[in-house]
Amino acid sequence: MDYESDEILNALDDEQREAAQSLLGPTVILAGAGTGKTRTITHRIAYGILRGDFSENRVMALTYTNKAAGELRARLRQLGVHQVNAKTFHAAAISQLEYFWREYFGIEAPRVLESKAKAIGSAADSLKIKLDPSNIRDLAAEIEWRKYSMLSLEGYAERMSTRPVIAGLSPIRAFEIQTAYEEAKVRAKQIDWEDVLLLCTGMLRAEPRALAHVHQQYRFFTVDEYQDISPLQQELLDTWLGDRSDLCVVGDPNQTIYSFTGASATFLENFESRYPGANVISLTKNYRSTPEIIQIANRLRSNQNLGPLESVRPTGLTPQVQSFEDRAAECAWIANQIKDARSKGVQASQIAVLYRINGQSEYIEKALADAGVEYQVRGGQRYFNRPEIMAAVRLVRAEAMNPTGKELYETVSAIARSLGWQSIAPDLSGSQLEQWEALNAFVQIADELGKDATINTFASELEERQRSQHEPTRESITLSTIHAAKGLEYKLVFILGATEGYLPISYAKTEAQLNEEQRLFYVAVTRAKDQLHITWPKRDTADDRQRTPSRYLDLI
């Protein structure tokens with residue numbers, strides 16, 4: 001669809017419109033939860049292109065998640081914008097690394113590790129240290145924190161006594177595993193995903209021709225979720241920018257929940273200091289949640305620099321906080337509430353159960369299974385690893401080699417039918433229903449691209465989604481940690497296990513850690529659109545340990 005620049009602005013409220021019209025120079029958009037930040041930045045980019053201030057292929061829009069990058073691309077396509085480079089930091093860095101490595105060194109770039117966990121396990125084995133999977137995950141997180149914080153092994157050694165104990169190992173033993181891991185990568189000529197950012201930054205700074213190429217190609221930068229940027233990502237962004245300042249960042253200090261990975265909200269908070277005269281715009285109108293939910297969210301905000309959120313929706317149901325004798329009773333009640341909501345027509349994909357850590361999902365999974373309710377755990381089987389989807393992708397690639405000229409939807413739906421799909425949802429359950437849902441989502445991706453898209457366009461889109469793990473939403477109840485649910489929204493949300501020891505988590509001791517736990521609760525609450533239930537058990541079912549309600553319940 002073709003748009004005029006005024007039409008782009010007419011779709012925005014006054015705050016969003018002000019942000020969209022701030023096109024050149026440094027701009028910071030403080031966007032509260034549910035205030036339409038994605039809508040704002042995509043309309044800003046489209047408006048800048050229509051006005052002629054931006055060249056479409058010179059815009060880079062950066063995100064932290066593959067889903068967010070896919071959402072940006074889809075929304076920009078709807079506005080008639082097709083050539084903007086909307087990617088995660090990692091996706092942009094790996095493409096540059098691979099291109100320039102071949103161009104200037106004449107060889108392929110080092111390969112990215114297929115499994116960091118396996119490499120860490122091997123490094124530990126070489127030192128005769130046995131680690132279980134959870135210990136390996138903790139060590140992987142520590143490696144990521146070190147690199148995102150831009151600490152060399154030597155720099156880390158000076159601070160390791162202040163870091164959390166991992167797997168019961170002494171700091172020096174954990175350091176030895178990290179050292180062995182890095183040495184093994186060098187011998188194998190492999191890198192991990194954090195090395196991608198480090199190497200890309202180092203390569204661009206060491207090779208003036210490559211840097212000049214990037215500066216020529218990209219002039220206008222937008223960074224989503226800027227409160228989550230790490231020192232390493234900021235260093236790469238500064239390298240891409242050079243001495244220019246056409247940078248728009250969007251963030252919410254109340255949604256800073258990734259400090260444990262090295263993310264720092266200080267870059268957002270100090271943006272005006274780095275860029276004097278920067279245009280600062282606040283988005284405070286919440287379009288997602290009812291006033292009752294927003295009232296609770298405002299009480300949970302730990303950072304008051306951004307004005308309180310104001311819901312523009314009609315009055316709704318009062319959020320409920322309920323206690324239960326034990327976890328089993330808590331989860332049985334939630335399962336029954338979900339079953340009742342489904343019987344009243346609430347779509348499965350609009351219902352979520354959120355919790356602090358993965359280990360809390362056991363009882364709700366059992367309760368839903370006992371109630372006969374289909375669900376998915378975020379982070380489960382990868383969509384593009386499903387056999388029927390792998391087969392569909394192969395058929396699309398074959399079709400792209402010899403296109404027939406048919407409309408994309410017709411071609412893709414025929415491929416899906418050859419694998420057992422039908423346009424009407426079948427009366428199936430279990431794995432058969434999952435297979436149909438997967439193929440149905442496959443067809444919907446083609447439908448989203450529009451009538452003008454070709455099979456080659458679709459093949460490229462699939463390749464990008466597969467590489468970046470941007471997966472479609474399944475039609476089932478979502479079970480998720482609060483961290484994994486960030487950026488998502490549901491009509492009906494249950495936050496279970498709201499007790500001391502989980503919210504806040506037991507190892508949160510310092511003021512900074514407790515503030516982050518409060519922000520995490522805020523993120524959980526603001527996922528809800530229409531209904532919110534917060535529950536907590538008086539004792540654990542497994543060991544009969546007594547529990548007390550989360551301190552944050554006092555705030556609401």
Side-chain angles (χ1 to χ4, degrees), residues 34 288-297 311 313-356 360-378 380 424-434 436-437 440 473-482 484-485 488-499 502-503 521 524-541 547 549-550 553 556:
R288 176 187 299 156
S289 308
T290 62
E292 290 78 5
I293 293 171
I294 291 305
Q295 187 177 39
I296 285 179
S311 173
R313 292 190 54 194
T315 296
L317 298 171
T318 301
Q320 300 295 312
V321 179
Q322 291 174 262
S323 64
F324 296 87
E325 286 304 311
D326 57 30
R327 280 199 205 185
E330 175 190 27
C331 292
W333 181 84
I334 291 173
N336 285 330
Q337 291 295 306
I338 289 174
K339 199 168 184 178
D340 183 55
R342 292 286 292 117
S343 70
K344 293 177 180 176
V346 180
Q347 286 183 295
S349 60
Q350 288 297 318
I351 302 173
V353 182
L354 308 181
Y355 35 80
R356 177 62 177 85
Q360 291 175 275
S361 74
E362 177 186 354
Y363 283 94
I364 187 61
E365 288 189 61
K366 183 180 185 304
L368 290 172
D370 290 345
V373 177
E374 296 276 349
Y375 65 88
Q376 64 170 332
V377 180
R378 278 188 65 80
I424 305 298
D427 186 16
L428 298 170
S429 62
S431 61
Q432 290 179 304
L433 179 60
E434 288 183 4
W436 179 85
E437 288 175 342
N440 195 57
T473 303
R474 275 179 51 198
E475 187 55 44
S476 61
I477 312 300
T478 296
L479 307 184
S480 174
T481 63
I482 301 170
L488 305 178
E489 58 183 40
Y490 305 90
K491 287 186 176 180
L492 172 56
V493 169
F494 297 86
I495 304 172
L496 66 75
T499 64
Y502 285 111
L503 276 168
F521 206 166
V525 166
T526 54
R527 299 312 94 202
K529 296 163 69 174
D530 299 344
Q531 288 181 263
L532 173 65
H533 293 278
I534 303 170
T535 63
W536 63 277
K538 295 178 182 177
R539 61 185 174 85
D540 281 342
T541 303
R547 289 287 179 183
S550 167
L553 296 182
I556 62 178

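- Atom CD1 in I556 sits 7.5 Å away from atom CG in L532 (nearest 0.5 Å).
- In this structure, the side chain to side chain contact (heavy atoms under 4.5 Å, CB included) partners of P549, at least two apart in sequence or on a different chain, are W536, L553.
- For the atom pair OH of Y502 and CG of L496, the computed distance is 10.0 Å after rounding to the nearest 0.5 Å.
- Ring geometry for W333 against H533 counts as perpendicular: the plane angle is over 60°, on a 0 to 90° scale with 30° as the lower cut.
- Atom CG of residue D326 and atom OH of residue Y363 lie 8.0 Å apart, to the nearest 0.5 angstrom.
- What you find for A485 and S480 is that their closest heavy atoms are N-OG, 3.5 Å.
- Applying the side chain to side chain contact (heavy atoms under 4.5 Å, CB included) criterion to T481, with sequence neighbours excluded, gives Y355, N358, H483, A484.
- For K491, the salt bridge (charged side-chain N to carboxylate O under 4.0 Å, His left out) criterion is met by no residue, not counting sequence neighbours.
- Looking at heavy atoms from C-beta onward, T315 lies out of side-chain contact with T290 at the 4.5 angstrom threshold.
- Here the CD1-SG distance, from I338 to C331, works out to 9.5 Å after rounding to the nearest 0.5 Å.
- When every heavy atom of S311 is checked against every heavy atom of P291, the shortest pair comes out as OG-N, 3.4 Å.
- Counting heavy atoms from C-beta on, the side chains of T478 and V353 never come closer than 4.5 Å.
- Every side-chain hydrogen bond (donor to acceptor under 3.5 Å, both in side chains) that E489 has, sequence neighbours left out, goes to R288.
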Residues D540, R547; criterion side chain to side chain contact (heavy atoms under 4.5 Å, CB included); working and verdict: CA-CA 7 Å; D540 281 342; R547 289 287 179 183; 3.1 Å; yes
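- Here the OG atom belonging to S476 is positioned 7.5 Å from the CD atom belonging to E374, to the nearest 0.5 angstrom.
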When the side chains of residues 365-373 are checked against the rest of the protein, which donor-acceptor pairs come out under 3.5 Å, sequence neighbours left out?
from, atom 1, to, atom 2, distance (Å)
E365, OE1, Y375, OH, 3.0
E365, OE2, S361, OG, 2.9
K366, NZ, D370, OD2, 2.9

CA sep, side-chain torsions, deciding dist, call: D530, R313, side chain to side chain contact (heavy atoms under 4.5 Å, CB included): CA-CA 10 Å; D530 299 344; R313 292 190 54 194; 2.8 Å; yes
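- Here E325 pairs with K538 under the side chain to side chain contact (heavy atoms under 4.5 Å, CB included) rule; sequence neighbours left out.
- A donor-acceptor contact shorter than 3.5 Å is absent between the side chain of N440 and the backbone of W436.
- Here R527 pairs with nothing under the salt bridge (charged side-chain N to carboxylate O under 4.0 Å, His left out) rule; sequence neighbours left out.
- To the nearest 0.5 Å, atoms CZ (R356) and CD1 (I482) are separated by 7.0 Å.
- Judged purely by atom type and a 3.5 angstrom limit, E292 uses its side chain to pair as donor or acceptor with the backbone of G316.
- Taking K339 as the reference, nothing meets the side-chain hydrogen bond (donor to acceptor under 3.5 Å, both in side chains) condition, with sequence neighbours excluded.
- Here salt bridge (Lys or Arg N to Asp or Glu O under 4.0 Å) pairs that include residues 342-352, with residues two or more places apart or in two chains, are D340-K344.
- Without hydrogens or angle criteria, S550 side chain to L503 main chain gives a donor-acceptor distance under 3.5 Å.
- With hydrogens and angles ignored, the 3.5 Å screen pairs a side-chain donor or acceptor of Q320 with a backbone N or O of T318.
- Every residue was checked against the ring-ring contact (aromatic ring centres under 6.0 Å, His included) condition with F521, not counting sequence neighbours, and none meets it.
- With sequence neighbours excluded, the residues forming a side chain to side chain contact (heavy atoms under 4.5 Å, CB included) with S289 are N286, I293, I294, listed by chain and number.
- Residues R539 and R327 are not in side-chain contact: their nearest non-hydrogen atoms beyond the backbone lie 4.5 Å or more apart.
- In this structure T499 satisfies the side-chain hydrogen bond (donor to acceptor under 3.5 Å, both in side chains) test with no other residue, sequence neighbours excluded.
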